[in-house]
Every structure is written in C-alpha cells, then in structure tokens.
Amino acid sequence: NAGVTQTPKFQVLKTGQSMTLQCAQDMNHNSMYWYRQDPGMGLRLIYYSASEGTTDKGEVPNGYNVSRLNKREFSLRLESAAPSQTSVYFCASSGQGTYGYTFGSGTRLTVV
Amino acid sequence: AQSVTQPDIHITVSEGASLELRCNYSYGATPYLFWYVQSPGQGLQLLLKYFSGDTLVQGIKGFEAEFKRSQSSFNLRKPSVHWSDAAEYFCAVVFTGTASKLTFGTGTRLQVTL
C-alpha cells in the first residue's frame, strides 16, 4: 500500500519553463490537496479538490493550475516558473469525514 | 480571521527532559486539531488528533496533547525526550465548514542535546 505518491522528488527549472507535478493516491480518498512549504511559513494550501471533478483555490493559488484527472490523481502545473515558486511541494489526500490527511514525501523544486 | 499560532520557532531541550510545544488557534467554535512531525527531508507524519471527547489525547511515539477550550490551545507534550525526537513539529487545524482544509501553524523546530 503506497499511500500518496509524488513525482518527481527533485526538479530544477529555469525561469519561464513549465512543468507538472504528479500525485496519485491508492486509498480511495475523495479529497486531495496541494501545499507548498517555505521556511518559517509552515505549509500553505495552493489548491484542493474536495471530490472528483471539482477543484478550488486555496491560500496561494497564483501561478499554479491543477487537474483532478480521476479519483486517484491530482496534478499541479506551473505554466511559467518563477524563482518565488522555489519551494517544497506536498500532495495530500483525505477520506470523507476522517480529516486524517496522508501526505506524500514531497517534491523539492528550485527555479533559477 | 481563522489562524493557527505556534509562538516558539525553535526549542532546545536536553535528552530525558520534558517537552511542551505550544499551539493556539483563533476561531469561534471548536475546530479539529492535529499535530504533525516532520524529520529533515521527509514528509509529514501524524502524531495525534482531537475531534471531540476526552481533552487529553494520546498519540504515537509517546506524545500527548491537551485541548483547552478556554485558552484556545492544543499543546503537545512528552515526558522524556529522546534524541530521535529532533524534528519540526506542526500544529494544524480544520476549521469546520472549510471543506476539510488543514491550516498549519508555522512550525516549531526541536533540537535535542545529549
């Protein structure tokens, strides 16, 4: 049982390049989330998907887009990367009513 | 506004000493409360959670937390710290009616001296 799987684990981008962070969960969870973690700021919610077919903005959505491809997969896209998007990105999922999040191991992204 | 505060950015304790990490939230009702731990370069692991009932909750690795409604607090405690407890600790809250979105505090980094 893998839980939440994120790919890639590390990535270096040049300013202006685009990329998609992939996330998949095998726990049949309805809700999925993307967070970014920056030193001294904790984790901040970028986007979330409460159920398959729906997505909503979180606290820091600017510069990002998401796709809930199916119940298992929730991807995060950076269309034109900026140095301010250098961060560690975490995907998480939760089952209905449990509020028990399961986190992926993170993607460390550096934009130069 | 709904918020979560961890007032201590960095705490150093000696191995074997007791530990208390503080967490306060700003909200009119009782939220759902969590503590997570993150070791360097790793993801987040759930230590414990509080939804309702007994205000003293037990978690993994010997941690416990107490919910105090009057103080809007959910402090994490451990009677005797081990060197392997060195990590960053995050308090997190689900404010009811927010589609289960977790709001995190800014974290407390724990250093353990031998």
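Residue numbering restarts at 1 for every chain, and letters A, B, ... go by the order of the sequence lines.
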Inset, instruction - Supply the atom-to-atom distance B/Q38 CD to A/F103 CZ, rounded to the nearest 0.5 angstrom. - result: 9.5 Å
Legend entry - Inter-residue atom distance A/Y35.OH - B/F104.CZ, 0.5 Å rounding: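 Spacing of OH (A/Y35) from CZ (B/F104) equals 5.0 Å.
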Legend entry - More than 12 heavy atoms from other groups under 6.0 Å of CZ on A/R44: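 Check passes, neighbour count above 12.
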Legend entry - Atom CD1 of B/I9: over 12 foreign heavy atoms under 6.0 Å: no
Treat each ILVMFWY residue as a node, draw an edge where side-chain heavy atoms are under 4.5 Å apart, and state whether [X] and [Y] are in one component.
{"X": "A/V88", "Y": "A/Y48", "result": "yes"}
{"X": "B/Y36", "Y": "B/F51", "result": "yes"}
{"X": "A/L21", "Y": "A/F90", "result": "no"}
{"X": "A/F74", "Y": "A/L109", "result": "yes"}

Legend entry - Residue A/Q37 versus chain B: region with a heavy atom under 4.5 Å: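 Only the side chain of A/Q37 comes within 4.5 Å of chain B.
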Legend entry - Side chain / backbone / both / neither for A/L43 at chain B, heavy atoms under 4.5 Å: both
Legend entry - Aromatic ring proximity B/F34/A/Y101, centre distance under 6.0 Å: no
Legend entry - Where B/K101 and A/L45 come nearest, the two heavy atoms and their spacing: CD-CD2, 3.4 Å
Inset, instruction - Would you check, one step at a time, whether the test side chain to side chain contact (heavy atoms under 4.5 Å, CB included) holds for B/L102 with A/Y33? - result: CA-CA 9 Å; B/L102 267 177; A/Y33 310 82; over 6 Å; no
